[in-house]
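Reviewing the structure listed below.
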There are 2 protein chains.
Amino acid sequence: MIAVEQLVRYVRHSATAGGLSTAASSALGRLGREGPQRLTELARAENVSQPNMTQLVTRLERAGLVRRTADRTDGRGVLVEATDTGLEVFRQRRAERAHALQQLVEELSEPEQQAVMTALPALARAVQDHRSRS
Amino acid sequence: MIAVEQLVRYVRHSATAGGLSTAASSALGRLGREGPQRLTELARAENVSQPNMTQLVTRLERAGLVRRTADRTDGRGVLVEATDTGLEVFRQRRAERAHALQQLVEELSEPEQQAVMTALPALARAVQDHRSRS
DNA sequence: CGGGATCCATAACCCGCTTATGCATAAGCT
DNA sequence: AGCTTATGCATAAGCGGGTTATGGATCCCG
């Protein structure tokens with residue numbers, strides 16, 4: 001199980017390198033897939049606290065990847081929206097990440113590769129289920 | 001590949017919960033397996049900067065999990081050693097972590113479980129190789 | 001209209017990580 | 001011995017990710 005620790009740190013590290021952290025990338029990806037969202041909604045979806053999301057959005061905004069707009073229907077609300085640059089950067093980052101992971105996987109034997117292809121999505125699904133239940 | 005992001009964040013989160021971060025747990029584990037080590041050596045082994053390791057050790061020391069001792073053979077050196085408490089906490093943490101992962105895995109189908117058992121160690125090995133080559 | 005609920009921002013804090021410095025000891029060369 | 005260089009560690013400053021506690025707006029509803 002020590003293996004997991006190393007894996008996590010490796011992925012995190014290689015993710016940070018590209019200029020977009022895992023948290024930022026994840027949030028940006030969601031905005032890309034699902035369109036503009038309320039800040040609180042985003043925080044809940046990404047499973048982080050609201051203040052944390054406020055900070056993350058502030059950083060992303062400073063970097064020009066995201067935009068805050070007022071919610072016409074609710075004076076309190078803030079809609080967060082990915083900019084074109086943001087989406088572009090996200091796509092690029094995702095490609096880089098996929099490439100890094102592919103390089104890693106290529107060093108494995110054929111059956112091991114097969115196992116990874118099965119295991120990762122399965123684990124991701126389990127995480128998803130686990131979270132929605134708690 | 002978005003799956004990986006979620007997985008990483010999930011593991012990191014559940015790891016932090018137990019009071020021992022991944023970095024701390026990893027370092028403590030190494031000290032347990034390999035005995036007292038030089039601070040710089042530890043930093044290299046854990047693949048982080050020396051100042052980072054200094055800080056990490058300071059925190060672990062404050063928590064009573066680790067001890068700094070002078071290196072008799074080198075006046076500059078500092079040996080870092082896990083305390084009994086440290087080892088105990090580490091073992092406990094590892095058990096908890098294993099349990100959490102097991103719970104996750106139990107929700108998968110039999111072949112998926114098999115795939116995870118193959119994939120994780122393989123990936124960890126690939127990370128190891130990758131790192132030692134660069 | 002008034003009071004509770006909701007949305008967001010701010011403040012203050014910890015951990016993980018970095019680079020840039022500085023200080024002390026070690027080692028090597030003359 | 002003495003001077004220089006290399007090594008080992010600590011400190012400082014700064015960023016990102018994360019938290020709880022708090023406060024100000026706005027909404028909604030009785």
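Because the structure is a prediction, the values reported are computed rather than measured. Naming convention: chains lettered A, B, ... in sequence-line order (proteins, then strands); numbering from 1 in each chain.
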Rounded to whole angstrom units, what separation is found between the [atom1] atom of [X] and the [atom2] atom of [N]?
| X | N | atom1 | atom2 | value |
| --- | --- | --- | --- | --- |
| B:D71 | C:dA24 | CG | P | 19 Å |
| B:M53 | D:dC9 | CE | C1' | 13 Å |
| B:R38 | D:dA10 | CZ | P | 11 Å |
| A:L28 | D:dG16 | CG | P | 15 Å |
| B:R59 | C:dC17 | CZ | P | 8 Å |
| B:E46 | C:dT18 | CD | C1' | 17 Å |
| A:Q55 | C:dC7 | CD | C1' | 17 Å |
| A:H13 | C:dC15 | NE2 | P | 20 Å |

Problem set entry | Per-nucleotide protein contact string for nucleotides 20-30 of chain D, where B marks a base within reach and S marks sugar-phosphate only (heavy atoms under 4.0 Å, - for neither) | BB----BS---
Exercise. Excluding sequence neighbours, so at least two apart, what forms side chain to side chain contact (heavy atoms under 4.5 Å, CB included) with B:T73?
Worked result: B:D71
For this session: Mind checking salt bridge (Lys or Arg N to Asp or Glu O under 4.0 Å) for A:R9 and listing every partner two or more places apart, or none if nothing turns up?
Result: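 Applying salt bridge (Lys or Arg N to Asp or Glu O under 4.0 Å) to A:R9 gives B:E46.
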Seminar exercise, completed: The salt bridge (Lys or Arg N to Asp or Glu O under 4.0 Å) partners of A:R12 (sequence neighbours excluded) come to none
Exercise. If you look at every heavy atom in B:L31 and B:E81, which pair is closest and at what distance?
Worked result: CD1-C, 4.5 Å
Looking at [X], does any N or O in its side chain come under 4.0 Å of the phosphate oxygens OP1/OP2 on [N]?
| X | N | value |
| --- | --- | --- |
| A:R12 | D:dG16 | no |
| B:R62 | C:dC15 | yes |
| A:T54 | C:dC8 | no |
| A:R9 | C:dC17 | yes |

For this session: Scan residues 111-127 of chain B for pairs that pass salt bridge (charged side-chain N to carboxylate O under 4.0 Å, His left out), counting only residues two or more places apart or in two chains.
Result: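 Every pair satisfying salt bridge (charged side-chain N to carboxylate O under 4.0 Å, His left out) with a residue in residues 111-127 of chain B: A:E112-B:R125, A:R125-B:E112.
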List, with names and distances, any nitrogen or oxygen atoms from the protein found under 3.5 Å away from nitrogen or oxygen atoms belonging to nucleotides 2-4 of chain C.
none

For this session: May I have the step-by-step check of salt bridge (charged side-chain N to carboxylate O under 4.0 Å, His left out) for A:E96 and A:R93, ending in yes or no?
Result: CA-CA 5 Å; A:E96 287 175 15; A:R93 259 311 284 142; 3.0 Å; yes
Problem set entry | Residue met sooner reading DNA chain D from 5', once B:R44 and A:N47 are mapped to nucleotides |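 Its nucleotide being nearer the 5' end, the pick is B:R44.
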